[in-house]
Amino acid sequence: MSDTVETRPGLRRSLSVWQAVGLSVALMAPSMAANINPQQTAAAAGRAVPLAFLLAAVGVLLVAYGFVKLCQYYQHAGSVYAFVGATLGPRAGVVSGIGLLGTYTFYAVVTSSAAGTLGTAFLTQVGIWPSPPSWGPFVLTAVALIGAWLLAVLPARRGTSTLLAVEGATIAVILLVTVVILVRLLAGNAPGGARFSMAVFVPETGLSGVFLGAVFGFLSFAGFEAAATLGEETHDPKRNIPRAILGTAVFGGLYFVVVTAVEMMAFGSDATAFHDSPSLLGDLGGRYAGAWVGDVISVGAAISAFGCCLACVVGGSRLLYALGRDAGGGLGRTSSRGTPVAAVTAVTLAAVLIIVVCAVFFGATASDTFAWSGSIGTLILLVIYLLTTAGAILLLFVKRRMRVPAWHLVFPIGALAVLGYTVYVNVVPYPTEGPARWFPVVAAAVLVLAVLAVLSAPRFARRVGERLTSVDGGA
């Protein structure tokens, strides 16, 4: 059958709540995140890495309240684009949509780079590729992006089922290893004399350091809201999308706090050794359970990274599809299979372009593209979360379009406080050395360009406003 694009019927309602969960969990990539993100938190928070992740979990749960209520009122493939646009105005909505699209694109770079780095490390460990060149990880990075594109252009049912299977198996291995480590810690026979201790929740650097490290906690949770982009493809979306978002946030909170606490204890609360580990669970699996366990976790983390890359491409393409549809362009069309092939291709090529620019003009390695893109994408994401939360306040407590108790206002207000302070400590004092000094600049540039694009296209903003007034919603 030909894949000639058409504007109707568009996206199809074919997904269950578990497939919506699959997209959110895969984009959050808990198995990859627990293996390579906490080290950066340790640089700022010291041994209190679990506390930083706990603060991030609280912030995410507060943000999730707004997403849940907005998803109960609106169902739209554009997620925050529609939520912010319908509450704060079409211009703000387009800026949010472009911003989140930027985040998903940068995260596609993060996860494909992680897949390349972790996959190369695994091949080296088992002797298949004993001496890879410095550009070696980029080979597997390219494989990850090509694979993500191929799966993303298939109907979303197949893609999300793949995400669930890959991520579920890897999480199961990590939880098993975590239990083994915890038992040995409690029994007092852990390597190096490590013991169970709640001191990992006591900050050494003050709360400002913990909040500074919490940005990598938010990076680990990023994507919990991705199910919102499937609002036009999921059965009973007013019920299933909120369940998927809240369930993913709760699971992520418990998972990251427990796993990072056990990881830090297993390193004897030594923040320096923790920070210097290239693969936390790979190292600990080998020390606490056996060398082969480390290999299993390494390959599992690489597969998790690929699953997350696929989720980034899927989520980003749905946002671009929604923007393109409302603009009346070719990016807002679907193939005969019901998937936005043009949007998928555009997101994938944008990720490729970012990697090529970093590697060719700045001499970046795959590890560099992972860290740089992760920091930039998260800064943009925090701003988008702030706008979405403000929109939820307007919908619920100013316009009062839904009946909620007045005291529920504490949830979005708490989200604004946590998000705002986290952004503040990451830009004040402003970093003046190394690549970090460019992260806020690039993040701000994405948002500024989004604002300029909206201001230069008033007709587009009006069309968006007209489309958003017909967004599926109601009291």
Side-chain angles (χ1 to χ4, degrees), residues 30 32-60 174 177-178 181-182 184-186 188 190-222 252-285 287-288 367 370-372 374-375 378-379 382 417-437 439-440:
M32 178 194 72
N35 208 35
I36 60 178
N37 287 351
Q39 294 95 317
Q40 304 304 316
T41 300
R47 71 184 179 191
V49 169
L51 179 60
F53 273 79
L54 178 60
L55 288 175
V58 171
V60 165
I174 287 177
V177 172
T178 300
I181 294 173
L182 182 59
R184 296 193 62 179
L185 289 170
L186 291 170
R195 292 183 178 277
F196 181 88
S197 172
M198 295 301 289
V200 296
F201 288 95
V202 178
E204 299 174 293
T205 58
L207 281 180
S208 61
V210 175
F211 272 95
L212 183 61
V215 72
F216 294 97
F218 280 106
L219 170 60
S220 299
F221 279 96
L254 294 172
Y255 173 87
F256 284 123
V257 173
V258 171
V259 171
T260 56
V262 171
E263 287 174 335
M264 183 57 75
M265 293 178 201
F267 274 93
S269 299
D270 185 344
T272 301
F274 185 96
H275 175 268
D276 292 341
S277 172
S279 174
L280 289 173
L281 291 163
D283 287 347
L284 293 175
R287 289 165 54 186
Y288 280 78
S367 296
F370 167 84
W372 299 354
S375 297
T378 301
L379 287 175
L382 292 177
V418 174
L419 293 171
Y421 188 68
T422 303
V423 172
Y424 173 80
V425 298
N426 277 274
V427 296
V428 178
Y430 191 85
T432 58
E433 297 180 356
R437 68 184 185 274
F439 300 160

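Of all heavy-atom pairs spanning G213 and A52, the tightest one is C-CB, 4.3 Å. Taking all atoms of both residues into account, the shortest heavy-atom contact from A57 to G253 is CB-CA, 3.8 Å. The two atoms that bring P203 and L51 nearest to each other are CD-CD2, 3.8 Å, heavy atoms only. Across every non-hydrogen atom of A42 and A271, the tightest pair is CB-O, 4.2 Å. Contact record, P38 with E263: CG-OE1, 3.9 Å, taken as the closest heavy-atom pair. When all heavy atoms of G59 and V418 are compared, the closest pair comes out as CA-CG1, 3.9 Å.
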Stepwise side-chain contact (heavy atoms from CB on, under 4.5 Å) test for N37 and T41: CA-CA 7 Å; N37 287 351; T41 300; 6.0 Å; no

V259/F53 under side-chain contact (heavy atoms from CB on, under 4.5 Å): CA gap, chis, key distance, verdict: CA-CA 10 Å; V259 171; F53 273 79; over 6 Å; no

Worked verdict on V210 versus L55 for side-chain contact (heavy atoms from CB on, under 4.5 Å): CA-CA 8 Å; V210 175; L55 288 175; 3.3 Å; yes

L382 and V215: CA distance, side-chain angles, deciding distance, side-chain contact (heavy atoms from CB on, under 4.5 Å) verdict: CA-CA 9 Å; L382 292 177; V215 72; 4.3 Å; yes

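Separating the CZ atom in R195 from the CZ atom in R184 is a distance of 12.5 Å, to the nearest 0.5 Å. Taken from OH in Y430 to OG1 in T432, the straight-line distance is 9.5 Å, to the nearest 0.5 Å. Rounding to the nearest 0.5 Å places CG of L207 at 12.5 Å from CG of L212. For the atom pair L186 CG and I181 CD1, the distance stands at 12.0 Å (nearest 0.5 Å). Atoms OG1 and CD, on T260 and Q39 in that order, are 11.5 Å from each other to the nearest 0.5 Å.
Checking each of V423, T422, L219 against T378 for a side-chain contact (heavy atoms from CB on, under 4.5 Å) leaves exactly one that passes, namely L219.
Residues meeting the side chain to side chain contact (heavy atoms under 4.5 Å, CB included) test with S197, sequence neighbours left out: A199.
Between the side chain of S277 and the main chain of A273, no donor-acceptor pair closer than 3.5 Å is present. No donor-acceptor pair closer than 3.5 Å links the side chain of Y288 to the backbone N or O of L182. The backbone N or O of L281 lies less than 3.5 Å from a partner atom in the side chain of N35, making a donor-acceptor pair. The main-chain N or O of M265 is never found under 3.5 Å from a side-chain atom of S269 such that the two would form a donor-acceptor pair.
Sorted by first then second residue, the ring-ring contact (aromatic ring centres under 6.0 Å, His included) pairs that include residues 197-222, not counting sequence neighbours, are F211-Y421, F221-F256.
A cation-pi arrangement is absent between R47 and F267 under the rule of less than 6.0 angstrom and at most 45 degrees off the ring axis.
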